[in-house]
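Working notes for the structure below.
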Amino acid sequence: LHIEAHSFPTRRSSDLFPSHDSDPRDKTVSYSDDQFSDKLVISAATPSVKGFQLGAILNGVGGTRYSFMVGGNKSLNGDFVLTNDLAFVFDPNNPSVPEPIRKGIQGLLDNPEVTESVKNYIRQNIGKVAERNGGVNPFYYTVDLRLTKDIKILSRTLSVSADCFNFMNLLDKAQGVSYNHGNINLVTMTGFDQTTKNYTYTVESGAGRKQSTAGGTPWRIQLGLRYAF
C-alpha cells in the first residue's frame, strides 16, 4: 500500500496573468495559476492468488484555481492585453446596477446547471473586483484497476493483463468526471457610455455551466500479453 498527500503554498504569477482592474503592474500576492490545495495518490495490490493479482491506483487533486475575467475586444486597464482583466462582480441587489446585469448575475446564482464553485466565487466577491484565482475547483479523482494472471508454460511464463482506466466511470457515467474550471469570462465589455462615463457590459449567461465544463477521460479497457523466456 502506497499513499501520497501534498499541499503547496501560495505564490505570485507573472505579469501577463490576470491583473488588477486599474493597474496591470499591481501583483498583490494571491493564489498562483498552478495552485492546488490537496493531492492524493493511493496505490495497492493484493497478494497473488493462483497466479491472479489485482492492483488499484486512486489519483486525485483538489483546490485548483481560476479567475473571473472580462471578455471583449478592448483592454479595460489600458495595458493592451485583452485576456488579463479581472471582472467586477456586480451586486444583483444593488438598484444602481443596470437591470440586465442584475438579472444576469442573479440568473447565474439561480441556475442549477451552474456549478457551486462558480456560485461561491460570485457570492464571495459581490460588489468588488474578483479576487485573482479566487475560484476553487472541487476535489476530482479517478480509480484505475489492473488484473494480471501468470501462466506457466514449461519453463516459460505467459502474463495476461487487463487494465480498466477510470473504473468508477464504468459503473456510473456521472463518476470520474471533472467539473474543473479554467478562467471564465463572467462579463463582456460592449462599449462605453459617454453620458454616465462608464463601460457597458453584458453577463455571460453560459458562465460556469456543468455541460460546458465536464472533462476527464471516459473509462476504457486495455488487454495485454507478455511472454517471458
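Below, each value reflects all heavy atoms present in this structure, side chains not excepted, and no hydrogens, waters or symmetry copies. All values derive from a computational prediction rather than experimental measurement.
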K39/V41 under side chain to side chain contact (heavy atoms under 4.5 Å, CB included): CA gap, chis, key distance, verdict: CA-CA 7 Å; K39 184 174 182 180; V41 179; 4.3 Å; yes

Quick one, F167 with F165, criterion ring-ring contact (aromatic ring centres under 6.0 Å, His included). Give me CA distance, side-chain angles, the key distance, then yes/no. CA-CA 5 Å; F167 175 68; F165 302 101; over 10 Å; no

Nearest heavy atoms of [X] and [Y], plus distance in Å:
X: T157; Y: K152; answer: OG1-NZ, 3.2 Å
X: K173; Y: W219; answer: NZ-NE1, 2.8 Å
X: N183; Y: S67; answer: OD1-N, 2.9 Å
X: G63; Y: V136; answer: CA-CG1, 3.9 Å
X: Q53; Y: T46; answer: NE2-O, 2.9 Å
X: V129; Y: L86; answer: CG1-CB, 3.7 Å

Please say yes or no: joined through hydrophobic side-chain contacts below 4.5 Å, possibly via intermediate residues, are I221 and V177 part of one cluster?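 No, I221 and V177 fall in different hydrophobic clusters.
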
Is the number of heavy atoms from other residues, nucleotides or ligands under 6.0 Å of K119 NZ greater than 12?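 Yes, the 6.0 Å shell around NZ holds more than 12 heavy atoms from other groups.
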
Gap between atom CG of L145 and atom CG of L170 - 0.5 Å precision: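 The distance works out to 9.5 Å.
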
Using 0.5 Å steps for rounding, measure from the CD atom of Q222 to the CG atom of D144.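 Atom-to-atom, Q222:CD and D144:CG are 10.5 Å apart.
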
Can a donor-acceptor pair be found between the side chains of S178 and N180 at a distance below 3.5 Å?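 Absent: no donor and acceptor within the cut-off.
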
Taking atom types as modelled, is there a side-chain donor on T190 or T202 under 3.5 Å from an acceptor on the other?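 Not at all, the side chains of T190 and T202 share no donor-acceptor pair under 3.5 Å.
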
Name the orientation class of the two ring planes belonging to F68 and Y121 (parallel below 30°, tilted from 30 to 60°, perpendicular beyond 60°).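 Parallel, since the angle between the ring planes stays under 30°.
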
Are the side chain of [X] and the backbone of [Y] linked by a donor-acceptor contact shorter than 3.5 Å?
X: N137; Y: H181; answer: yes
X: D91; Y: N93; answer: yes
X: N166; Y: T142; answer: no

Using a 4.5 Å cut-off on heavy atoms from C-beta on, say whether the side chain of S117 contacts that of Y66.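 They are in side-chain contact.
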
